[in-house]
Amino acid sequence: MALYLLRRLVQAALILLGVSVITFALLYLLPADPVRQIAGRSATVQTVENIRRQLGLDQPFLVQYGRYLLNLLQGDLGRSYLQRSEVAELIVARLPATLLLMAAGILCELVIGIAMGLWAAVRRGTPTDRALMVSSFVGVSAPQFVVGLLLLYVFGVRLGWLPISGYGTAAHLVLPALTLGLLGAGWYARMVRSSMIDVLRQDYIRTARAKGLKGSTVLFRHALPNAILPIVAMIGIDIGIFMSGVVVVESVFGWPGIGQLAWQAIQRVDIPIIMGVTLVSALAIVLGNLLADLIAPFIDPRIKLR
Amino acid sequence: MPGPDGAGTAPVLSVSNLTVTVGGTAHPRAVVSGLSFDLRRGETLCLAGESGSGKSITSLAIMGLLPKPATRLASGTIRLGDTELTALPERALRKIRGDRIAMIFQEPMTSLNPVLSVGRQLTETILNHRDVSAREAERMAVEALDAVRIPRAGERMKSFPHEMSGGQRQRVMIAMALALRPDVLIADEPTTALDVTVQAQVLDLLRDLQKDFGTAVLLITHDMGVVAEMGNRVVVMRHGRKVEEGETKAFFQAQQTPYAHELLAAVPRIGSGPGRQAVRAFEKPLALEVNGLEVRYPGKGGVLWGKGMPVHAVKGVSFNIASGETLSLVGESGCGKSTTARALVGLAPYSGDVVLGGRNLGGRDAAGTKQAKRDLAMVFQDPYASLDPRMTAGDLVREPLDIHGIGTKSERRERVVELFERVGLSPDAPGRYPHEFSGGQRQRLAIARALALRPKVIVADESVSALDVSVQARVLDLLRTLQSEFGIAYLFISHDMAVVENISDRVAVMFDGRILETASRDQLFSNPRHPYTQRLIEAVPVPDPTRQRERRTLVPVLAAQGAAPLVEVEPGHWVATVH
Amino acid sequence: QDAPKAGGAITITYKDDVATLDPAIGYDWQNWSMIKSLFDALMDYEPGTTNLKPDLAESYEISPDGKVFTFKLRDGVKFHNGRAMTAEDVKYTLDRVTNPETQSPGAGFFGSIAGYEDMASGKVKSLSGVTVPDPKTVRIELSRPDATFLHVMALNFAHIVPKEEVEKYGADFGKHPVGTGAFKLAEWTLGQRLVFEKNADYWNKGVPFLDQITFEIGQEPIVALLRLQKGEVDIPGDGIPPAKFQEVMKDPEQKARVVEGGQLHTGYITMNVKMAPFDDVKVRQAVNMAINKDRIVQIINGRAVPANQPLPPSMPGYVKNLEGYKYDPEAAKKLLAEAGHADGFETELFVMNTDPQPRIAQAIQQDLAAIGIKASIRSLAQANVIEAGGMENGAAMIWSGGMGWIADFPDPSNFYGPILGCAGAVQGGWNWSWYCNEALDKRAAEADAIVDPAKAEERFAAWGAIYSDIMKDAPWVPVFNEQRFTMKSARMVGADNLFVDPVHIPINYDFVSVNDVQ
Amino acid sequence: MSEPIAFDMTTAVAAPPVPPGAWRRLFKRPLAVIGLTIIVVAVLGAALAPWIAPFDPNEQFFDGLSLEGAPLPPNATYWLGTDLLGRDLLSRILYGARTSLVIGIVANGAALLIGTLVGVTAGYFKGFIGGVLMRFTDLMMAFPALLLAICLAAILSPSLWIVALVIALVNWVQVARVIYTETSALSEREFIAAERTLGASGPRILFRHILPHLLSTVIVWGTLGISTTVLLEATLSYLGVGVQPPMASWGNIIFENQTYFQAAPWLVFFPGIAILLLALAFNLVGDALRDVLDPTERGRD
Ligand SMILES: Nc1ncnc2c1ncn2[C@@H]1O[C@H](COP(=O)(O)OP(=O)(O)OP(=O)(O)O)[C@@H](O)[C@H]1O
Ligand SMILES: Nc1ncnc2c1ncn2[C@@H]1O[C@H](COP(=O)(O)OP(=O)(O)OP(=O)(O)O)[C@@H](O)[C@H]1O
Ligand SMILES: [Mg+2]
Ligand SMILES: [Mg+2]
């Protein structure tokens with residue numbers, strides 16, 4: 001087991017290395033010159049070349065990457081070209097918000113999604129089931145911006161129950177998390193429904209019912225754990241989605257997450273920030289997936305880690 | 001013989017005119033029709049009858065757990081005391097289930113929740129119906145496990161179903177049903193997967209329960225020995241109808257219908273099997289040679305850190321089988337029989353040598369693998385779990401032929417039809433899916449599958465235990481015929497000593513991962529040397545209610561034995577030295 | 001209007017993060033005026049206007065040849081850290097901004113100071129043209145006469161920084177700005193908010209009025225407007241979002257709080273004169289005649305006025321009576337035919353990808369199609385468009401929207417050099433039409449040599465002529481000049497021109513106030 | 001052993017009705033028929049757009065905007081209203097179906113296919129192959145898709161097929177993850193062990209025994225994927241990969257206009273409904289298909 005963990009951690013490091021090479025290469029190939037972004041529109045050619053030399057962007061790719069890697073190994077993510085501050089500092093400032101939103105968003109998705117999925121599976125084939133199906137598709141097909149703004153309008157402006165935007169208190173978290181939850185719940189609902197339908201007709205469910213267990217116990221204790229495995233995998237995926245940014249929701253609710261930072265950096269080829277955000281989110285994704293794999297045997301004891 | 005305590009009193013459970021159909025409303029087909037019977041307090045009613053006759057469906061109907069949407073209760077009433085169950089809302093039914101009526105299901109593997117520990121599944125029932133603390137529930141659960149003779153019950157609470165042997169799972173099911181001392185216990189083939197020693201204990205337990213609490217038992221079994229031993233009354237079913245009903249004693253003395261007569265006649269009895277000459281290993285080429293086989297299951301521990309003690313399930317087993325020979329492996333539940341079988345077919349990593357037709361399977365190359373699989377087939381202990389639920393029976397049986405590219409399409413189809421016929425499955429069976437069969441029918445499906453390739457060796461794990469005697473007889477016949485036709489060697493794993501006596505050339509007795517005694521069938525049955533073997537043979541229930549009740553010696557658990565070497569006490573008869 | 005009351009706090013929102021508050025580096029439109037409030041320069045403009053006035057300089061003198069500027073510094077100016085500002089700080093500031101290691105995007109503005117070349121090439125660490133005769137005097141010598149130099153000294157890049165603080169924070173100075181301005185930075189929570197606090201020690205007594213300004217960042221403009229309507233926000237920094245513009249303008253109550261003003265901005269289409277068929281002046285003229293500017297203005301809800309020359313109307317030098325190219329597709333077609341493109345041709349139109357730019361590009365595309373030019377749109381991120389524009393054969397046509405020219409300072413010369421002069425028509429330059437007219441370059445240099453303030457009108461006229469002549473060659477299609485619409489909360493007071501200050505965008509923080517304080 | 005007893009089960013249980021072909025059963029389900037109809041309508045609408053669209057989708061009508069430049073709500077001339085440039089929304093939705101169907105069906109289908117193959121293979125063959133495949137999946141997942149898209153956009157000239165490619169390249173990863181997890185659980189089931197002892201080859205077990213059990217998951221991801229990919233296309237187009245203005249797609253109509261959803265709700269509502277209907281239609285057909293192919297559903301009326 002410890003060996004497995006060790007192996008996976010080594011693999012994780014390799015994956016991060018791979019991500020860094022590819023990203024760096026893509027940014028290198030990108031037909032947009034970060035130096036010109038730094039130098040601004042009034043810069044002379046000489047200024048541009050000066051800056052290029054200072055940043056080492058005139059060096060061949062391997063030299064540039066090698067230097068980046070060397071710094072990275074020392075924990076240095078470099079300085080942003082345009083913000084002129086430590087990338088690590090910028091990311092650390094926004095990481096708590098992102099993690100918080102991620103946790104709350106995933107929680108919302110899970111609660112809404114699993115509830116919908118269970119309900120639909122139990123009421124399979126009835127109008128309830130169909131209504132739930134339509135709602136999950138509405139959630140998935142709806143543009144984030146519109147949903148976010150609608151919620152904000154209703155609960156923030158009209159009813160005034162919740163703050164319109166910002167970050168800080170639990171009340172601020174509700175709307176953005178709910179928006180993400182409503183949008184993502186469709187996936188969970190459909191997945192839960194489909195695995196639950198498979199599980200509900202297994203013999204052991206019959207056993208559980210024969211024991212006279214309550215419907216909810218049968219559902220939550222016996223059926224759900226058997227159906228939840230793909231859901232765990234989906235949480236791993238969601239971590240990726242949240243980390244690489246839920247830009248739209250973040251900006252609607254003024255949420256100081258990593259998504260906005262990344263989006264602005266991408267628009268303006270701020271390579272150190274792009275690299276930093278990519279690596280941090282890659283780390284989260286790799287760890288998230290590792291966690292999902294580690295949890296799997298707990299959920300289904302027949303699965304062995306290999 | 002002790003009469004039922006409450007004989008003559010009003011029935012606790014009364015089924016009348018029960019009809020269950022399958023196939024939806026468009027094309028209904030009755031699988032139980034017009035069935036009526038009463039079950040009184042403290043009484044044991046045995047429901048006997050051939051495989052597929054509707055026994056399990058009847059019991060499910062009583063529980064209100066008929067599989068939807070395939071089956072439907074078309075008509076009839078089921079009364080528990082004064083309560084009409086068919087009309088009861090789910091809520092009220094729930095209160096009754098598990099508490100007043102408990103059920104032991106036929107297939108133990110699929111009937112236990114794979115992701116919950118055994119302990120949790122047990123305590124939950126208790127907590128659900130009794131107002132006790134979690135600790136108390138746990139204590140009761142361990143007690144129940146002890147009662148069904150699960151060794152080290154306290155530790156076993158943490159096990160998951162897949163970590164237990166077939167018999168152990170079955171005992172967990174029984175423990176679950178018995179834990180709350182229900183009024184009515186429906187037991188669907190409760191002891192089929194159990195070796196005779198444990199079977200005897202479980203039956204005793206049922207009897208005690210009946211004595212102490214007046215529990216009424218509806219016992220579904222095809223084992224006439226069990227019927228004779230346990231039943232107060234017998235109901236014989238066929239094709240979904242009741243063909244005969246009567247007091248057990250009277251039933252065994254004289255049957256009213258020819259069908260019942262045939263049924264009893266077909267029961268294999270120890271000492272009545274056809275005389276078979278043991279095939280000596282040197283006379284025919286060896287089909288399978290096993291040397292020093294050991295299997296360990298990785299132990300449980302924290303998922304992240306440390307390892308638990310590995311389970312040493314098979315501790316150095318050696319035997320060989322000549323082609324055309326049948327070697328039976330007997331032994332109590334959990335002694336490692338299935339594990340040995342799984343190791344042979346490559347499903348459990350092992351150490352030691354397995355030599356099939358001169359080739360050591362331990363180091364098989366890719367080309368050898370496929371041939372080896374063709375030559376060595378396995379029939380799994382739990383047929384339902386081993387059949388792909390999304391394939392039709394026909395496809396399942398044809399599949400081995402497809403895999404190995406045997407014959408043309410039409411030849412394959414013919415072979416499949418033939419196989420179905422030979423294992424006694426109806427012509428419509430190929431189009432049906434596994435869940436649409438009865439337990440016994442599934443087992444036949446699994447046998448047909450193994451036979452499809454005409455392998456050199458077949459490992460049959462409790463392959464006839466779920467079959468009613470008539471089908472059992474037929475299948476055993478089939479196995480024998482094929483053996484003489486193609487020289488197939490069988491490794492026959494069973495706990496049913498009568499069947500073993502019937503089919504084997506030689507017998508190996510296994511205990512706690514080791515072989516204690518091997519001998520030819522005649523030697524073993526006439527002259528068992530090891531005390532364990534002796535008790536095993538003694539414990540076999542006999543289909544004669546008059547003879548049964550006297551012979552009641554419990555088999556004590558043997559103290560764990562060291563690796564005692566086998567000694568040849570007479571030619572071909574080896575016994576572990578007893579300390 | 002009552003006299004402005006002192007006190008109170010306001011909240012302003014922005015969508016994009018504030019990158020830095022280092023005056024040598026900040027060049028985004030949201031930090032531009034923040035820096036102006038934290039720092040001061042020798043020169044500034046009168047609030048709400050484009051009229052230059054001395055600021056930290058008490059007075060200045062220009063030598064007759066226009067090459068030597070001598071600034072006398074004001075007394076009693078203190079940095080936020082309490083130290084008095086001296087002439088050495090001015091020199092330090094100018095040395096720092098021109099030092100290549102600072103990587104200032106504004107370094108080029110100081111090109112006329114003597115010794116700039118040596119600085120830029122890294123040979124020296126100090127501008128030889130800047131000297132400090134005494135602690136209250138700075139003498140700046142130019143290598144050539146430069147009529148815009150006073151404007152340059154009012155640029156953010158020339159805002160004075162204290163050496164010790166810069167050295168203390170090093171590269172992080174932009175996050176810890178210390179200046180002499182009316183406000184000082186009280187709090188900066190990365191990615192969330194900046195809080196400015198009134199500088200009680202400000203040399204200009206009575207200013208600022210507000211005690212505190214909070215800038216909230218990362219806020220969608222639509223949401224900012226909602227919050228404004230709820231009274232949580234005083235100024236939505238990104239303006240009224242297009243989607244809400246009509247709703248606001250239709251509501252008299254809200255409309256009353258919108259201030260409209262001109263902007264030193266021109267939106268234009270560049271045509272790459274090095275790429276066929278735009279190397280033919282007739283084709284470029286035809287395109288000029290093909291564009292229906294009124295329609296485009298309509299598409300953006302009338303938030304601009306149609307343009308016919310590079311300079312915006314509020315810029316000195318704007319030629320009021322220039323005829324320009326009238327919208328006339330028929331004539332355009334004829335002209336195209338004359339150029340040998342009777343059947344039109346295919347080309348590409350680059351555009352930045354944020355709304356409403358792609359929409360405007362589509363309107364242009366349709367106008368071009370009407371005269372037979374099939375332009376396919378490449379809608380890309382800003383950086384990619386800029387990159388394409390800076391390559392000789394990179395982009396045939398670019399719609400400048402979103403990257404367009406907003407003047408750094410209100411002087412006509414600012415629209416020429418990098419974007420229409422030969423200097424910008426190089427690899428990586430900003431002259432996306434690659435138009436290079438040596439003769440005009442010479443006339444531009446001559447115009448900028450007219451340093452005598454008395455001759456300003458003459459100089460403006462010279463520039464006007466230059467731009468008129470450029471339009472004859474038609475390297476651009478000037479499409480419109482954007483108008484600014486600033487919306488404010490009801491409690492904010494101040495002259496309208498403070499809310500559409502041409503230099504302080506969006507508003508002049510130092511001079512606005514709120515009316516709900518006692 | 002004496003005479004075998006007669007096995008006259010045939011008489012006991014009448015043979016069930018011959019199971020009709022899966023397709024025929026499918027067509028018997030009203031919901032499936034509705035779904036199929038919607039799909040056919042969408043495909044026809046896209047294919048016949050030049051003939052049935054009332055207007056040129058790219059023409060900016062002078063009377064398509066109000067004097068202040070506001071788009072027009074649905075009216076007699078422009079049935080679904082006009083967009084911010086005065087173009088006919090109905091025509092744009094019809095033409096946009098071409099793009100969106102390619103994305104939602106082809107690109108999404110490709111992603112589904114790749115993801116399923118990778119996930120199933122990795123889940124079944126644990127060991128080296130599985131490890132490598134899953135780590136590759138992790139790598140792809142950890143890698144910022146948007147960046148890849150931007151680079152492709154800048155390097156290649158944008159086209160529908162590029163965006164389809166990018167979407168397929170990006171979206172398979174998640175499918176692979178989920179399928180992988182389910183496969184690893186499935187491959188521990190006893191019947192898979194039974195198949196192995198029969199000598200069934202890896203591919204056979206994968207495709208004949210494991211895949212059918214994954215059908216429902218595949219359907220879920222496939223149908224929900226339609227919505228997400230169609231919307232993703234808009235993001236990619238925005239970044240310059242894929243279709244460029246003025247070419248319409250359902251996604252980019254929404255994307256361009258979403259800030260106007262209060263001022264001009266029809267601009268978001270109609271294309272949104274189109275996406276929703278398409279995804280729902282596929283889901284209806286998928287669910288029905290799954291039921292038809294699922295043996296345990298027999299007998300459900
Ligand atoms: N879901 C189903 N769909 C169709 N037929 C079914 C279904 N379940 C059971 N049957 C059929 O109903 C009949 C009765 O089945 P049942 O399980 O009651 O048999 P049984 O008497 O318990 O046999 P066994 O001893 O083999 O377990 C069998 O012929 C079986 O094939
Ligand atoms: N996957 C597993 N992990 C851990 N222990 C296991 C596992 N499978 C089986 N065991 C243990 O190994 C022992 C031998 O099991 P096996 O299945 O071989 O018994 P068996 O002789 O076939 O018994 P039965 O007659 O009840 O089927 C049992 O104690 C069982 O609990
Ligand atoms: Mg049965
Ligand atoms: Mg076993």
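Here is the naming used below: chain letters follow the sequence lines, and residue numbers restart at 1 for every chain.
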J.: Testing the basics here: between D/Gly199 and B/Ile403, what is the closest heavy-atom pair and its distance to 0.1 Å?
T.: O-CG2, 3.3 Å
J.: Below 4.5 Å from any heavy atom of chain D, which atoms of B/Arg241 appear? Answer side chain, backbone, both or neither.
T.: neither
J.: Counting only heavy atoms not in D/Arg208, do more than 12 sit closer than 6.0 Å to its CZ atom?
T.: no
J.: Rounded at 0.5 Å granularity, tell me how far CG in B/Asp388 sits from CD1 in D/Ile205.
T.: 10.5 Å
J.: If you count the non-hydrogen atoms of other residues, nucleotides and ligands that lie under 6.0 Å from CZ in B/Arg454, is the total more than 12?
T.: yes
J.: Mind ranking B/Leu396, B/Thr71, B/Leu387, B/Asp382 by heavy-atom pairs under 4.5 Å with chain D and telling me who comes out on top?
T.: B/Leu387
J.: Is a donor on one side and an acceptor on the other found under 3.5 Å between the side chain of B/Lys373 and the backbone of D/Arg196?
T.: yes
J.: Could you go step by step and tell me if B/Met391 and D/His209 meet the side chain to side chain contact (heavy atoms under 4.5 Å, CB included) rule?
T.: CA-CA 8 Å; B/Met391 287 189 107; D/His209 298 283; 3.1 Å; yes
J.: So which atom in D/Leu198 and which in B/Leu453 form the shortest heavy-atom distance, rounded to 0.1 Å?
T.: O-CD1, 4.5 Å
J.: Quick check: do D/Glu190 and B/Pro383 have side-chain heavy atoms less than 4.5 Å from each other?
T.: no
J.: So do D/Glu195 and B/Ser386 actually touch side chain to side chain, heavy atoms under 4.5 Å?
T.: no
J.: Could you tell me whether the side chain of B/His162 reaches within less than 4.5 Å of the side chain of D/Glu188, counting heavy atoms only?
T.: no
J.: Please classify the contact between B/Glu421 and chain D as side chain, backbone, both or neither, with a heavy-atom cut-off of under 4.5 Å.
T.: neither
J.: Side chains of D/Arg204 and B/Asp402: closer than 4.5 Å at any heavy-atom pair?
T.: yes
J.: Looking at chain D, which one of B/His404, B/Met378, B/Arg449, B/Arg374 has the largest number of heavy-atom pairs inside 4.5 Å, strictly under?
T.: B/Arg449
J.: Give, as side chain, backbone, both or neither, the part of B/Ala377 having an atom under 4.5 angstrom from any heavy atom of chain D.
T.: neither
